[in-house]
Amino acid sequence: MAALIVAGATQPTRRRAPIRVSRLVTYGVLIVGAVLMLLPFIWMLLGSFKDNAEIIANSTAWLPQVWTFENYARLIGGLNFTTAFANSVIVAGACVLGNLVFCSMAGYALAKIDFAGRNALFVLVLGMLMIPAIATFVPLFVLVTNLGLSNSLPGMILPYLVTPLGVFLMRQFIGELPDSLLEAARLDGAGEWRIFAQIVLPLSKPPLATLAILTFLAQWNNFLWPLVVAQTEDRYTLPVALALYSVGQNGTNYGLLLAGAVIVVVPILALFLFLQRQFIEGVASTGIK
Amino acid sequence: MTATTLALAETLTERPRQGRPPRRVRRTLMAWSFALPFVVLFLVFGAGPVLASLAFSFSDLRARDVRSPFSVNFVGLENYIDIFSDATFVRAIGNTIYFVVIGIPLTMALGLLVAVGLNAGINKLKGVFRVSYFAPFVTSIIAVAVVWRYLYQEDGLLNALLGVVGIPGPDWLNDPAWAMPALIIMAVWRNIGLPMVIFLAGLQNIPKELYEAGEVDGARGFTAFRTITLPLLRPTTLVVAVLLSIGYLQFFEEPFVMTNGGPLDATVSIGLYAYEQFGFGNYGVASAASYVLVIFIVALGLLQFRLFRSRT
């Protein structure tokens, strides 16, 4: 709002250039908005270096009076955040791998092979696209328990090793590849597996990258299913650890919780800054979190 | 799978030839071998549980039956009758609808505003803006909720900022009237990036000539926005609305961390209710509650399927 007023005040002196004024207003509004978007992150980062007494005494100060790494030391040392970090990496990594391999295979079959049951399979995939985790977590828990996989990382990974979104994404892209290319290879006597591995996969790097990013993002932030599966601290993923500390006995230790939030958020933000185009285009093309 | 076997049998009987199986059968076998790992995992951990969840919702399954889920009794609509006569669940439906109906238009309007701003011939800082507005969308709701719970304290940063402009802020998360608005504001902040990028793509598809033609007819500024931009963005708007609805309907992590559904059930959601029933060991009731959410989402999914079909 402040920027709006400032920009408005400059209007009379610049009456001859209305375009420039409107541009100033646009910039003003966008800058104020962007600052508001980033404030919680800056606040989180600064707060994570304060000790709890300071946070309680003054909950509106920005800079720490005394910078301390104590919160991080406690999370990494006493509270097992290193294990949670490793669990998060393993779960997300395994799901990325599973989706890349299995969804591209199924996507290829759906896109380029004319077979009995093709339409039925594709309709089933489409129908499952929008089904949320909350719809299936009870029977999944019963299933995973009976498989002897409760409180285990495989139990966390298996339900997300493939996703209908992954198949949908790969099928859409592979479908765009020219048939003539594949026919030529078939005429040369190449089998379907060779065509898939040597022609389709190398040409599918963009959707594979998108799928890897979306899967990693979804799994890094996934909460409900890891929460249901994990029963002991050594199985927590980062969001589970942070959430359970925040509603447990550390619930008022804000310095500690903010440091925990930093550990959850910074890796994905760093990845996002590094691969922003792929993130934004991937999300925009599917719209799925 | 039975449908597939039938289809396979059909093709087998279709072309009875001697020697090598006909090409179509070989192709079908080949295709299914490509799809096999996906299909098995997908049926066991995806489609199967959707049906099992429906079945559970008509049963008296409880935590002690977890090793013998097939030995439970059919109880008809009892679980559904139970939840709909539970004031907390009715409140949860109301809260979920509140979250969706207020949160989504707000998110879309602000996302559109930013997209229009970014599309208005801005060159400097465009990348910085895009990253800033999109960044919250990639972060964990749990982490975000932890940070905002602290911002929302009565003597917290938000009220200090409001105090600067002379507004006495409420005790956001402990006030039954303000707890939901607090969660909605946070959700808008976190999700604004999604409508922004989709609207931006939509805006870039509108030909410049249309605005030039509009200018001849005297349509500029807001008039041009209302008569040219908005009607042409209608398909994009629908897609954004459906996508956001699916996310917003599931809201669960925010109350889990920030309010535990309180104060006085003011922020309990369908998702949180289902999870709590699961925690109490009432698996049948939890399944029924989660299926109510599925019905909401399937209705939206059908809408999107229609949109998808009409676009291709």
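Residue numbers begin at 1 in each chain, while the letters A, B, ... track the order of the sequences.
Looking at P69(B), only its side chain comes within 4.5 Å of chain A, counting heavy atoms on both sides. In this structure, chain A has a heavy atom under 4.5 Å from the side chain of F278(B), while its backbone stays farther away. For L244(B), no part lies near chain A; criterion is any non-hydrogen pair under 4.5 Å. Both the backbone and the side chain of V44(B) come within contact range of chain A, each with at least one heavy atom under 4.5 Å from a heavy atom of that chain. Interface remark: F252(B) contributes side-chain atoms only to the contact with chain A (heavy atom separation under 4.5 Å). Residue A201(B) does not touch chain A at all, counting heavy-atom pairs closer than 4.5 Å. Residue S57(B) does not touch chain A at all, counting heavy-atom pairs closer than 4.5 Å. Proximity to chain A involves both the backbone and the side chain of L157(B), based on heavy atoms less than 4.5 angstrom apart. Both the backbone and the side chain of Y150(B) come within less than 4.5 Å of a heavy atom in chain A.
Remark: Y291(B) pairs with no residue by the ring pair (Phe, Tyr, Trp, His ring centres under 6.0 Å) rule, at least two apart or across chains. For Y27(A), there are no side chain to side chain donor-acceptor pair (under 3.5 Å) partners at least two apart in sequence or on another chain.
Between K112(A) and E192(A) there is no salt bridge, since no side-chain nitrogen of the basic residue lies less than 4.0 Å from a carboxylate oxygen of the acidic one.
At least one test fails for R24(B) against the ring of F115(A): distance under 6.0 Å to the centre or angle within 45° of the axis.
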